[in-house]
Each structure stands twice: as C-alpha cells, then as structure tokens.
Amino acid sequence: PQVNALQYAWLGPLVGSLVRPVGGWLSDKWSGAKVTQAATAVMIAAALGAAYYIKLAAASSAPEEVFFPFLILFLLLFLTAGIGNGSTFRMIPIIFEPAQAGPVLGWTSAVAAYGAFVIPTIFGQQITAKTPEYALYGFAAYYVSCLVVNWWFYARKNAEIPC
C-alpha cells in the first residue's frame, strides 16, 4: 500500500515543540554548549540519513518499504532540533548581559519563527523539483556551520564564552 507522508507531517513539529523544555533541562545539567553541540551533531546525521532514504525510495519499486526508517530519522531530526532550541535559549542569558538578553531572546525567537517558514518552503521547492534530498543536504551543511560556530565560541576548551 502507498504511504501518504503528509499524514505524518504534523508529528515533526509536535515532537520538536514538546521536547524543547528537555533541552533547557539538559543544559542546566551539562551546559548549553555541550547539549547544543550534541543535538547539532545528531541533526547532521539525521538529515543525511533521511536524505539517504529519500534516494533509496526514489530508486525503489516499493518506496513504502523505506518509509519507516525515513520517518524515524525525520522525527529524530525534529527531536534534536527541539532539544537544540531549548539549549540555545538557555545559553543566551549566559552569553549576554541582562540588559541585552531579553532583546536577543526576542530576536532569536523571530529568527526561529522565520525558519518555520523557510524550511517548508525550501522543502516544497525541492519536492517540486523532484530532489527533496537536496534540501536535507543543504540543511546538513548549515548544521555543520552551526556546529563549528558553537564549538569555537562556546563549547571548546578555552572558548571565548564557555556556556
């Protein structure tokens, strides 16, 4: 039977939003920079894994056979995005002095809301072009840049601002 992926599309945002407080809680235990670093590394792997299963499905006569691993990786991507969101928001009051932290939190929220528009738009364009895996490759490349920035400024030994 054919699988309608759109029936499952709502699960990702649900998982990401529900797990966001966990990112803050984990950050309180282990540091925001470490949690953000780990979440971002998993996001890279999940995005590349999901892209792999999209390519497998495109080449398969029975694409529904690879839907479950794709769905698990896609949900893992949302799960770790939610954790990373919570950990990043936990870092802001540490990085910025109190007078700046509020405006930075507001600006960061606006950028995150914009991402909720941009990501589906990019996916839609790539689905129309019949290359949805390219969107995931692009997201993985972006996550690599985030990983490097977080490591350099916040997570590495002797970081500029350890969080």
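The first residue of the sequence shown is numbered 1, and numbering continues consecutively from there.
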Is there a path of hydrophobic side-chain contacts, each under 4.5 Å between heavy atoms, that joins [X] and [Y]?
X    : Y    : answer
L105 : Y114 : no
F89  : V22  : no
Y8   : L18  : yes
V66  : L48  : yes
V35  : V149 : no

According to side-chain hydrogen bond (donor to acceptor under 3.5 Å, both in side chains), does anything in residues 75-88 pair up with another residue at least two apart or in another chain? List the pairs.
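Passing the test, one end in residues 75-88: R20-N85, T36-S87.
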Minimum heavy-atom separation for [X] and [Y], please, with both atom names.
X    : Y    : answer
A135 : I122 : CB-CG2, 3.9 Å
L26  : I83  : CD1-CG2, 4.3 Å
T40  : C146 : CG2-CB, 4.3 Å
N150 : A33  : ND2-O, 3.1 Å
A140 : A47  : CB-CB, 4.1 Å
P132 : I127 : CB-CG1, 3.9 Å

Value rounded to 0.5 Å, distance of [atom1] in [X] from [atom2] in [Y]:
X    : Y    : atom1 : atom2 : value
W107 : Q100 : CH2   : CD    : 13.0 Å
L56  : F67  : CG    : CZ    : 14.5 Å
M43  : L77  : CE    : CG    : 5.5 Å

With a 4.5 Å heavy-atom cut-off, do [X] and [Y] have their side chains touching?
X    : Y    : answer
L71  : L75  : yes
L136 : I54  : yes
C163 : I95  : yes
E133 : T131 : yes

Examine distances only and state if a side-chain atom of S31 and a backbone atom of S27 form a donor-acceptor pair shorter than 3.5 Å.
no
If a pair satisfies ring pair (Phe, Tyr, Trp, His ring centres under 6.0 Å) and one of its residues is in residues 118-162, list it, with sequence neighbours excluded.
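Listed once each, the pairs are F74-F123, F123-F139.
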